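Notes to accompany the following structure.
Computed from a prediction, not measured in an experiment: that's the story for all the values here. Throughout, protein chains are lettered first and strands after them, A, B, ... in sequence-line order, and every chain is numbered starting at 1. Just the heavy atoms: all of them, side chains too, but no hydrogens, waters or symmetry mates, feed the values below.
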2 protein chains.
Amino acid sequence: MSQTELEKSPHAVLDVVNCTSANLRKVNRLVTQVYDASLRPVGLRATQFNLIATLVKLGDTPLSRLAGVLVMDRTTLTRNLKPLVDKGLIRIDHEEDQRIRIISLTDEGKIVFEEALPFWREAQSQLVEGLGQNRWSAFLDDLRAMIDVVQRE
Amino acid sequence: MSQTELEKSPHAVLDVVNCTSANLRKVNRLVTQVYDASLRPVGLRATQFNLIATLVKLGDTPLSRLAGVLVMDRTTLTRNLKPLVDKGLIRIDHEEDQRIRIISLTDEGKIVFEEALPFWREAQSQLVEGLGQNRWSAFLDDLRAMIDVVQRE
DNA sequence: CTCATGTATGTGTATATACACCTTTATAGA
DNA sequence: TCTATAAAGGTGTATATACACATACATGAG
């Protein structure tokens, strides 16, 4: 009769409480709900707002490059674009190279972004102030460090 | 002709780079992929492993209480249980009160958890060491602080 | 005992995510 | 020129997430 892993390490279950992934997912759920709630008046989700903001910054961008900048799976981006295209906020055009899809903001997309900005700021401030400026800055630094850690592999 | 929000605040787009939600979601995507990849040999996703680990800790638990502990929407939990029930790792029973669903680990669920533990540890170590013990601890503290901030509303 | 109300849960729908696999289009060699 | 390969993208499928709405059951007021 061999001992189970749990009998050998009774603290194993406690360790799992410290799971980086589980804690991240939990925070992500909660924080996403805060931003989604703030942005609801303009009909955007947090993900969609970020996608639009990235396009404002980059200008017209090929799909794969956009996915690279967002550090997002290409096929996820394709799916995320759909509701925005349906709403007329984003346009997808071709280039000479028929393989390449150029993602652009429409005029309405730009307007909606401007409308959404104050609502985004509201959510952002709420969290920055809730955690405190300094601690929030450190937290953001750590998020970026974590990105480096994972991507460096 | 009124100025646009962007013309008034040319740094608005740069601010959005610091979006707590966007950065969290990005890290969450990457970290989830690390844990999913580690756990693939045992056929569990990070979310599923965490769900099982929580059940190991709590024992048989009513659905809504489990959702509360996980800080997860009740309906999300229902959906997340399905693949685990299908695989026979989790069972859903009734109580005397016919409304209540009791979620339990099956014997096979317990076995799979034990098999999964070393793979979880591998992913966990990878991130703890990548970020450094101290910084990782601070990061986890901040995640928990962020949970408090959001829940305190 | 009966019904109004509250509690526990499920379903419909939409989005977010990503892996495996497939199609289309360029391009570099032979 | 022709073709093998690489590059860019899409689709099928499965999971993760949550809001709005619907259902079933329990319980207390009368």
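Of all heavy-atom pairs between B/A46 and B/L39, the closest is CA-CD1, 3.8 Å. Across every non-hydrogen atom of B/A53 and A/V16, the tightest pair is CB-CG1, 3.3 Å. The shortest heavy-atom contact between B/L44 and B/K87 is CD2-NZ, 4.4 Å.
A/K26 places its NZ atom 16 Å from the C1' atom of D/dA16, with the value rounded to the nearest Å. Separating the CD1 atom of A/I102 from the C1' atom of D/dA8 is a distance of 11 Å, rounded to the nearest angstrom. In this structure, A/E96 atom CD and C/dT27 atom P are separated by 10 Å, rounded to whole Å. Atom-to-atom, CG of A/L51 to C1' of C/dA16 comes out at 11 Å; the value is rounded to the nearest Å. Rounded to an integer number of Å, the gap from A/L44 CG to C/dT15 P is 12 Å. Atom CD of A/Q48 and atom P of C/dA14 are 13 Å apart (whole Å). In this entry the distance linking CZ of A/R29 with P of D/dC19 reads 12 Å, nearest Å. The CG atom of A/D36 sits 14 Å away from the P atom of D/dT17 (whole-angstrom rounding).
Between B/R25 and B/S21, the side chains place a donor N or O and an acceptor N or O closer than 3.5 Å (distance only, hydrogens not considered).
Non-hydrogen atoms lying under 4.0 Å from DNA chain C are contributed by A/M72, A/D73, A/T75, A/T76, A/R79, A/N80, A/P83, all within residues 64-88 of chain A.
The side chain of B/I100 lies closest to C/dA8, out of D/dG9, C/dA26, C/dA8.
Between A/R101 and A/Q33, the residue anchored nearer the 5' end of DNA chain D, judged by the nucleotide with its closest heavy atom, is A/R101. Take the nearest nucleotide of DNA chain C for B/I92 and for B/R45: the residue whose nucleotide is more 5' is B/I92.
Remark: side-chain polar atoms of B/Q151 are not paired, donor with acceptor, to backbone N or O of A/L30 under 3.5 angstrom. Between the side chain of B/Q124 and the main chain of A/T20, a donor-acceptor pair closer than 3.5 Å is present.
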Could you run down the sub-3.5 Å N/O contacts of the protein with nucleotides 1-7 of chain D?
| residue | atom | partner | partner atom | Å |
| --- | --- | --- | --- | --- |
| D/dA7 | N3 | A/R99 | NH1 | 3.2 |

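Ion pairing of B/K82 with B/D86 is present here, as a side-chain N (NZ or NE/NH1/NH2) and a carboxylate O approach within less than 4.0 Å.
Remark: of the listed residues B/E114, B/E115, B/R121, B/R121 is the sole one forming a side chain to side chain contact (heavy atoms under 4.5 Å, CB included) with B/L117. For the side chain to side chain contact (heavy atoms under 4.5 Å, CB included) test with A/L55, the passing option among A/L84, A/L89, A/L105 is A/L105; the others fail.
Taking only side-chain nitrogens and oxygens, B/Q98 never comes nearer than 4.0 Å to OP1 or OP2 of C/dA8.
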